[in-house]
Amino acid sequence: MVRVATWNVNSLRVRLPQVLDWLRAQAPDLVGLQETKVPDEAFPREELEALGYHAAHAGQAGYNGVALLSRTPPRQVWCDLPGEEDGGRRLVAATYGEGVRALRVVNVYVPNGERVGSDKYRLKLRWLEALEAWLRNELTRHPRLVVLGDFNVAPADEDVHDPLVWTGRIMCSGPERERFRRLLALGLCDTYRLFPQEGSPFTWWDYRMRAFQRDLGLRIDHILASAPLCERCTACRIDRGPRALPRPSDHAPVIAEFQ
DNA sequence: ATGTCTCAGGGACTGAGA
């Protein structure tokens, strides 16, 4: 069994004590982190190694940054989305294990897009199109593929606390959802929706307006899996615990299990 | 209430990004 997680930590340096506590408590085999906001030379490698985790990090100062933490060492590490390198460090991929059991994991931090119609929105749509093209090739080489991260897209109205308020807005607009569906159409499943789920499905709550306490959230963090892995997926859940701590990230982790 | 949090720059606070 392998447990795979994704968590946008909104600064790995600020959140490191929470991340270390969470790794000790949940003991996932693989974790994709987003918004590490730390350059590679300042990555907290020793603290994570002390807990038994290897790291593949694509970081920068101030913004963005993604990392893959793993119990087994990463192989075939790839950083950045071809053609979109100027948009910040937003993609890291690696292979774990050997032979037919090898697992390929792609960790993404999709651009936020600011607001529908903005330059950043157009860049977000283009980034998602480039990701689709790159993943199509990745799937031909790695049948056991997991694509996880902060997609900044709520795929459907049931992933939104108030669909009327959010209709057509950033993270919920038709073009963003259409790009997300195209990723699924490559042959990936949304592991959270493989199972009946209890409670609200949100993974992100705005820091403002006491949104978490009022459960005004969106489901924008996802763990997608290729068909051979979907058949072996036994659970996917959201861990709201870290979001309720003092000084939390605005995102909660998502964890999927594969047999 | 554009209502919170993080970071860079510069050395207190402002602006950007989310």
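We name chains A, B, ... by the order of the sequence lines, and we start the count at 1 in each one.
Residues A:Leu218 and A:Met171 form a side-chain contact, since some pair of their non-hydrogen atoms from C-beta on lies under 4.5 Å apart.
Using a 4.0 Å heavy-atom cutoff across all strands shown, A:Tyr109 reaches sugar-phosphate atoms only and no base atom.
For the pair A:Arg71 and A:Tyr53, the cation-pi test (distance below 6.0 Å, angle within 45°) is passed.
With rounding to whole Å, A:Glu35 atom CD is found 11 Å from B:dC7 atom C1'. Rounded to an integer number of Å, the gap from CD of A:Gln60 to P of B:dT6 is 18 Å. For the pair A:Asn112 CG and B:dC5 P, the computed distance is 18 Å after rounding to whole Å. Following rounding to the nearest Å, A:Gln34 (CD) and B:dC5 (P) show an atom-to-atom distance of 21 Å. Separating the CD1 atom of A:Ile170 from the P atom of B:dG17 is a distance of 14 Å, rounded to the nearest angstrom. One atom, CG of A:Asp250, and another, C1' of B:dG17, lie 12 Å apart when rounded to the nearest Å. Going from atom CG of A:Asn64 over to atom P of B:dC7 covers 13 Å, rounded to whole Å. Distance A:Leu123 CG to B:dG17 C1': 14 Å, rounded to the nearest Å.
Using atom P as the reference point in both B:dA1 and B:dA12, the two lie 33 Å apart (nearest Å). Rounded to whole Å, the separation between the P atoms of B:dG10 and B:dT4 comes to 27 Å. The P atoms of B:dT2 and B:dC7 are separated by 25 Å, rounded to the nearest whole Å.
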- [ ] Evaluate the salt bridge (Lys or Arg N to Asp or Glu O under 4.0 Å) criterion for residues A:Asp190 and A:Arg181: first the C-alpha distance (whole Å), next the side-chain angles of each, then the deciding distance (0.1 Å), finally the verdict.
- [x] CA-CA 10 Å; A:Asp190 181 351; A:Arg181 280 194 298 272; over 6 Å; no

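Projected onto DNA chain B by closest heavy-atom contact, A:Ser11 and A:Arg210 fall at different nucleotides, the more 5' of which corresponds to A:Arg210. Toward the 5' end of DNA chain B, the nearer of the two residues A:Asn10 and A:Asp150, judged by each one's closest nucleotide, is A:Asn10.
Of the candidates B:dA16, B:dT6, B:dA18, the closest approach to any side-chain atom of A:Arg90 belongs to B:dA18. Distances were taken from every side-chain heavy atom of A:Met209 (C-beta onward) to each of B:dG3, B:dG17, B:dC5; the shortest belongs to B:dG3. For A:Arg247, counting side-chain heavy atoms from C-beta on, the closest listed nucleotide (B:dA8, B:dA18, B:dT6) is B:dT6. The side chain of A:Arg13 lies closest to B:dA8 when the candidates are B:dA8, B:dG17, B:dT6. Here B:dC5 is the nucleotide among B:dC7, B:dC5, B:dA18 with the atom lying nearest to any side-chain atom of A:Tyr207.
Within the structure, a side-chain polar atom (N or O) of A:Arg208 is placed less than 4.0 Å from OP1 or OP2 of B:dG3. Here A:Arg15 reaches the OP1 or OP2 of B:dT6: one of its side-chain N or O atoms lies under 4.0 Å away.
Checked for salt-bridge contact, A:Arg169 and A:Asp162 miss the test: no charged N lies under 4.0 Å from a carboxylate O.
The aromatic rings of A:Phe151 and A:His222 are tilted relative to each other, their planes meeting at an angle between 30° and 60°.
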